[in-house]
2 protein chains.
Amino acid sequence: MPKLGMEPIRKEALVKATIVEIGRVGSLDVTVSQIAKRAGMSSALAHHYFGSKEEMFLAAMRHIMTLYGAEVRGALAAAEGPEGRIRGILRASFSPGNFRREAVGAWLNFWVLAQTAPPAKRLLAIYQGRLRSNLVSALRPLAGDRAEGIAESLGAMIDGLYLREVLKSGPPDGAEAVALALRHLEVELARGAV
Amino acid sequence: MPKLGMEPIRKEALVKATIVEIGRVGSLDVTVSQIAKRAGMSSALAHHYFGSKEEMFLAAMRHIMTLYGAEVRGALAAAEGPEGRIRGILRASFSPGNFRREAVGAWLNFWVLAQTAPPAKRLLAIYQGRLRSNLVSALRPLAGDRAEGIAESLGAMIDGLYLREVLKSGPPDGAEAVALALRHLEVELARGAV
DNA sequence: AAGTTTATTGACTCGTCAATCAACAAAAAA
DNA sequence: TTTTTTGTTGATTGACGAGTCAATAAACTT
């Protein structure tokens with residue numbers, strides 16, 4: 001039965017199952033067996049490919065970040081002018097793919113892990129650095145030396161909206177989140193113009 | 001040796017130890033033994049007084065929220081005018097007592113729990129309701145029917161700043177957080193005036 | 001004095017789960 | 001064809017930890 005070249009297929013299945021299960025249970029307390037079962041294999045195989053549960057979760061987060069990064073790059077390429085670029089970043093942040101329950105739940109648990117686990121901390125730093133740099137470079141032409149500060153507060157706003165998304169009951173509403181973030185931005189820029 | 005009337009003393013010690021240990025370990029995976037040890041008693045006694053680990057953690061969060069609530073009430077009583085009231089709420093949110101590492105770490109883990117544990121969910125809803133109502137009533141005279149929207153975005157901002165606080169390394173800096181939140185507010189209000 | 005309530009803990013139960021291992025199967029390489 | 005590499009799992013290990021319990025003791029009640 002063993003077909004060759006299963007590794008990437010299995011890994012992808014595990015990564016997706018990890019996200020689903022963590023979203024379902026709401027914490028990192030999911031067992032490897034649960035994840036493996038959802039991915040259609042034994043827990044031993046999951047360990048075989050990833051070595052440890054933490055490694056599995058980190059791979060899942062890398063996957064989420066990769067998708068997000070691709071969406072941001074797409075939006076940046078299509079955007080016209082600095083303001084369009086910022087709108088693009090924000091819309092990507094709250095797009096249905098990234099702002100869905102499971103992904104946001106994964107983020108929440110990732111934050112917990114990043115407090116103490118160095119690999120998670122590093123990964124988070126990379127992500128935050130990219131977001132920050134994207135925001136700053138788009139803001140620079142609009143806000144000059146206020147770019148850093150605005151990027152900072154926009155970043156906090158985005159995180160806060162993610163957090164509220166996990167905590168609220170009811171269906172996700174990316175549109176409202178984008179609206180709030182955009183209003184914040186708009187208002188900051190308007191202030192600069194004054 | 002048993003002195004009577006130990007219950008409140010033990011409970012308080014446990015509540016404080018819970019916060020410290022969760023802050024130290026960074027997750028809810030602290031053992032009851034660790035907490036009990038820090039509080040200077042056996043784990044059996046901790047179970048005797050609280051029944052379960054979750055109950056213990058909820059008591060810790062109630063404690064944190066009580067302190068915060070007291071500080072907010074104090075600030076509101078001393079504040080002059082609606083804008084002063086909002087500033088008071090924000091300053092209380094980021095005061096050294098509430099914005100310290102341990103407390104913020106406890107919040108992060110509380111959010112995780114509130115995703116799924118109904119008692120935590122209820123407690124969070126109560127807290128969020130109070131914050132929202134405080135903000136809205138202070139904002140009403142300044143922003144009229146935009147009060148709800150501003151309260152919403154200010155709330156998200158506060159959560160986001162808390163989150164960033166746990167994640168960043170280095171000493172806590174409540175002052176900068178207040179500054180960011182106040183700027184956000186100021187800018188929202190300025191926009192209303194236009 | 002006898003009985004009850006409160007405080008306290010060491011020892012134990014019971015369950016769970018990450019990680020490992022031995023073993024089996026099929027494809028590819030030699 | 002033998003050997004090696006890749007895929008796969010059931011069973012097991014080993015550790016850990018929440019919650020219970022029996023037992024001990026001091027204080028308070030009657």
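Computed from a predicted model, the values in this text were never measured in an experiment.
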Worksheet item: Within this structure, what is the NZ-to-P distance between A:Lys37 and D:dT8, rounded to whole angstrom?
Response: 19 Å
Worksheet entry | Interatomic distance where CD1 belongs to B:Ile35 and P belongs to D:dG17 [whole Å] | 12 Å
Worksheet entry | B:Glu165/B:Arg101 salt bridge by N-O under 4.0 Å criterion | yes
Practice prompt. Could you please spell out the steps behind the side chain to side chain contact (heavy atoms under 4.5 Å, CB included) verdict for A:Glu152 and A:Glu148?
Written response: CA-CA 6 Å; A:Glu152 186 74 18; A:Glu148 277 86 2; over 6 Å; no
If you restrict it to nitrogen or oxygen atoms, what contacts under 3.5 Å exist between nucleotides 16-20 of chain C and the protein, and what is each distance?
from   : atom 1 : to      : atom 2 : distance (Å)
C:dA18 : OP1    : A:Lys53 : NZ     : 3.0
C:dA18 : OP2    : A:Val32 : N      : 3.0
C:dA19 : OP2    : A:His47 : NE2    : 3.3
C:dA19 : OP2    : A:Lys53 : N      : 3.1

Practice prompt. Using atom CD of A:Glu7 as one end and atom C1' of D:dT5 as the other, report the distance to the nearest whole Å.
Written response: 13 Å
Worksheet item: Once you round it to whole Å, what is the distance between C1' of D:dT8 and CG of A:Leu14?
Response: 13 Å
Practice prompt. Examine A:Ile64 and A:Val20 and state if one hydrophobic cluster contains both, with Ile, Leu, Val, Met, Phe, Trp and Tyr joined whenever side-chain heavy atoms are less than 4.5 Å apart.
Written response: no
Worksheet item: Do NZ/NE/NH1/NH2 and the carboxylate oxygens of B:Glu186 and B:Arg183 come within less than 4.0 Å?
Response: no
Practice prompt. Send over the distance from A:Met6 CE to D:dT9 C1', rounded to a whole Å.
Written response: 14 Å
Item to complete: Could you check how far CG of B:Leu45 sits from C1' of C:dT8, rounded to whole Å?
Response: 6 Å
Worksheet item: Side-chain N or O of B:Arg10 less than 4.0 angstrom from OP1 or OP2 on C:dT8?
Response: yes
Discussion item. So, does A:Tyr49 get its side chain near the phosphate of D:dG7, meaning an N or O under 4.0 Å from OP1 or OP2?
Written reply: yes
Response to the item:
When rounded to whole Å, the CE to P distance for the pair A:Met41 and D:dT6 reads 18 Å
Fill in: Nucleotide of C:dT9, D:dA27, D:dG7 approaching B:Ser42 most closely (side-chain heavy atoms)
C:dT9
Discussion item. My understanding is that only residues two or more places apart in sequence, or in another chain, count here; which of them pass side chain to side chain donor-acceptor pair (under 3.5 Å) with A:Tyr68?
Written reply: A:Ser93
Discussion item. Using 30° and 60° as the class boundaries, would you call the ring planes of B:Tyr162 and B:Trp107 parallel, tilted or perpendicular?
Written reply: perpendicular
Worksheet item: With a 3.5 Å cut-off and no angle check, do the side chains of A:His184 and A:Ser153 form a donor-acceptor pair?
Response: yes
Practice prompt. To the nearest Å, give me how far apart CZ (B:Phe50) and P (D:dG19) are.
Written response: 13 Å
